[in-house]
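A short write-up of the structure that comes next.
Just so it is clear, the model here is predicted, and its values are computed rather than measured. These values consider heavy atoms only, across backbone and side chains, with no hydrogens, waters or symmetry-generated copies.
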Amino acid sequence: MTTTLPQDDLPAWIDRDVAYRAVSGRDPRYDGRLYLGVTSTGVYCRPSCPARTPRPDNCRYYRSAAAAVAAGFRACRRCRPDALPGSREWDARADLAAQAVRAIASGVVDEVGVEGLAERLHVSARHLQRVVVAEMGAGPAQIARSRRAQLARHLLDETTLPMADVAFAAGFASVRQFNDVMRATFGAAPRALRTRRRAAAAQPGPAGRDAPTARRGGGTRPAATGGRPGGASDVPPARSPVDAAHLTLHLRHRPPYDARAWFAHVERRAVPGLEVADASGGAFTVRRLVPAAHGPAAATVRLADDGSRVDLDLGLASLGDLAAVVGRVRRWLDLDADPALVAAVLAEDDALAPLVAARPGLRVPGTVDGYELAVRAVLGQQVSVGAARTLTGRVVAAYGSPGPGGLRAFPAAERLAAVPVAELRALGLTGSRAATVLAVAGAVAAGLRLDPSADRVAARHALLALPGVGPWTAEYVALRALADPDAFPDGDLVLRRAAGRYLGGGSDALPARGLRDLAARWRPWRGYAAQHLWTATAADDGP
């Protein structure tokens, strides 16, 4: 049984006329923000799908792919709406529905189930279901199932993994469940999807797209759930949790992507032993270890210098870590950002508009580990980037653990919290800075969450309660670790100087209060405005 919004009682965010104009005009700006279900074909599409525009009375509109699938539609084979990147729309909100969506995207339902998610959000499972369905058109379990199906389709398209391994890597409990969900979502068994993909790739034309059809998707409307297992036997996935794997995946994103600015940020802060950054051969490459449940994953990110392509090489201790690791890497590169949506808001400020126009597709570099980011932010308080890198390198060399490829993993919170203050002082930290590092590590070891699924208000309060953590550190962590796109460290001296230089018509730094007032017009994307100011300063002044 599925739970969907009746189309005669649409939520306020949908305007039928606007939605149909987006569909008839094939407007790509609505891709990922609106999904079209076509009753005459039983498929759901992107608004920009190039197939023939359906009649208005055959259109149903949904806020998520999961809602369209729950209503009984399968993904269009032509425009592949399931292949869209994620969205940061929910990062701009702090209400219960947004917290739940971020947590589901982070894999919380896969880890602890819907009941566990509700407990983490301090509400009942029934209330959580009601709130999420009202916003998304599908419940938490349906959204999590859609997330697993999309990852599985990605693996079918880009790897030669056996079906049982695909099921395990995507988080399905059994191959039978994997087959049932894939049939309901895509209208075909996994083997058929892979065969069709290979056949399409062998044909001339754009890579990565199924053969065109005469109408939007074509075919018949499938049942909302179920379907007989196909393409593999009805047995649990064969891989054990300790089986390692190596994969190469293409990571989707909305263009443009300012790869040069992202790489410059990471390269300047690359810690010896922790990260290796290289710019050669027409691409930007960064290697590092990514925390995972069964052991650190060796990740190599390769970005085309024009940002047109992002590839990820992964060495995993277990295939079961794949979804979580890919999610961490995507947040690190901010691949789910919508550049057009952000630019539309920031460009309304005439003073900021030239910076936005100069760097289309600028992203906010995130992190693969919020705890690591918080410790590095403390080590970077009131010192230069170079000095912070040196201090972090000493901490990693002393307490990090060795990993694949000659890299080291950042010291675990439990390990670092047990280090005596005197030992950290011997590495060059002041007594107060060492105490703050230990306080942050101790708080994380005790359960403080510093990732996008965390309650941002509670996380900020918890950070500010620690000795040596002030508003700058809390906002910096909120921006890069909690993925709050509206976080804004208005006390940052470089940011205040940049605002005076680029927005104030002079060389004097704006006072924090003046910058705060100025930034109000950039909501809910103040973090991106800050990144534009920091990036412009770094480019104009040099490292």
Side-chain angles (χ1 to χ4, degrees), residues 103-113 116-117 144-145 147-179 181-182 190 194 232-251 274-275 286-301 311-333 367-372 400-415 444 449 451-453:
I104 296 167
S106 297
V108 174
V109 170
D110 296 335
E111 296 173 11
V112 297
L117 173 59
R145 191 180 305 123
R147 172 178 172 268
R148 290 192 290 271
Q150 289 166 5
L151 175 58
R153 182 68 187 271
H154 195 179
L155 295 175
L156 290 172
D157 286 350
E158 298 203 7
T159 75
T160 58
L161 286 173
M163 293 299 166
D165 289 354
V166 172
F168 180 74
F172 289 99
S174 70
V175 173
R176 177 167 187 160
Q177 183 193 57
F178 166 57
N179 276 280
V181 172
M182 297 301 282
R194 175 170 278 176
S233 60
D234 181 16
V235 295
R239 279 196 177 267
S240 73
V242 296
D243 283 337
H246 182 272
L247 298 172
T248 299
L249 297 173
H250 167 57
L251 300 183
L274 188 69
E275 300 143 326
V286 181
R287 292 194 301 116
R288 66 156 297 148
L289 301 181
V290 179
H294 298 95
T300 300
V301 173
D311 292 305
L312 172 64
D313 287 341
L314 279 179
L316 298 164
S318 167
L319 262 179
D321 293 333
L322 177 65
V325 170
V326 170
R328 287 176 181 265
V329 172
R330 291 189 66 84
R331 292 192 293 271
W332 182 29
L333 284 91
T367 180
V368 297
D369 184 4
Y371 148 69
E372 175 192 315
S401 54
L407 297 171
R408 297 184 72 83
F410 196 80
E414 295 79 7
R415 171 76 175 95
V444 171
R449 300 186 66 89
D451 60 59
S453 70

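In terms of heavy atoms, Ala149 sits closest to Val181 at CB-CG1, 4.0 Å. Closest approach of Leu151 and Ala169 over heavy atoms only: CD2-O, 3.9 Å. When all heavy atoms of Gly405 and Arg287 are compared, the pair lying nearest together is O-NH1, 3.5 Å. Residues Asp110 and Arg147 come closest through the heavy atom pair OD2-NH1, 2.5 Å. Contact detail for Ala170 and Arg148: the closest heavy-atom pair is O-CG, 3.1 Å.
Summarising the geometry, atom CG belonging to Asp165 is positioned 8.5 Å from atom OG1 belonging to Thr159; distances are rounded to the nearest 0.5 Å. Considering CG of Leu247 and CG of Leu319, their distance stands at 6.0 Å, rounded to 0.5 Å.
Applying the side chain to side chain contact (heavy atoms under 4.5 Å, CB included) test to Ala412 and every residue at least two apart in sequence or in another chain returns Glu414, Arg415. With sequence neighbours excluded, the residues forming a side chain to side chain contact (heavy atoms under 4.5 Å, CB included) with Pro402 are Arg408, listed by chain and number. Every residue two or more places apart in sequence or in another chain that forms a side-chain hydrogen bond (donor to acceptor under 3.5 Å, both in side chains) with Asp451 is listed here: Arg449, Ser453. For Arg194, there are no side-chain hydrogen bond (donor to acceptor under 3.5 Å, both in side chains) partners, not counting sequence neighbours. Asp311 meets the side chain to side chain contact (heavy atoms under 4.5 Å, CB included) test with His250, Arg302, Arg309; sequence neighbours excluded. Judged as a side chain to side chain contact (heavy atoms under 4.5 Å, CB included), and not counting sequence neighbours, the contacts of Val301 are Leu303, Val310, Leu312, Val329, Trp332, Leu333.
A donor-acceptor contact shorter than 3.5 Å links the side chain of Ser318 to the backbone of Gly320. Side chain of Arg288 to main chain of Glu275: no donor-acceptor pair is present (N/O by atom type, distance under 3.5 Å, no hydrogens or angles). The main-chain N or O of Ala173 is found under 3.5 Å from a side-chain atom of Gln177 such that the two form a donor-acceptor pair.
Here the side chains of Pro291 and Val368 are in contact, with some heavy-atom distance below 4.5 Å. Two residues are said to be in side-chain contact when any heavy atoms from C-beta on lie closer than 4.5 Å; Leu316 and Val325 meet this criterion.
Here the two rings, on Phe168 and Phe178, have centers that are 6.0 Å apart or farther.
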| said: Working note: Glu158 + His154, criterion side-chain hydrogen bond (donor to acceptor under 3.5 Å, both in side chains); need CA distance, chi angles, decisive distance, verdict. | reply: CA-CA 6 Å; Glu158 298 203 7; His154 195 179; 3.0 Å; yes
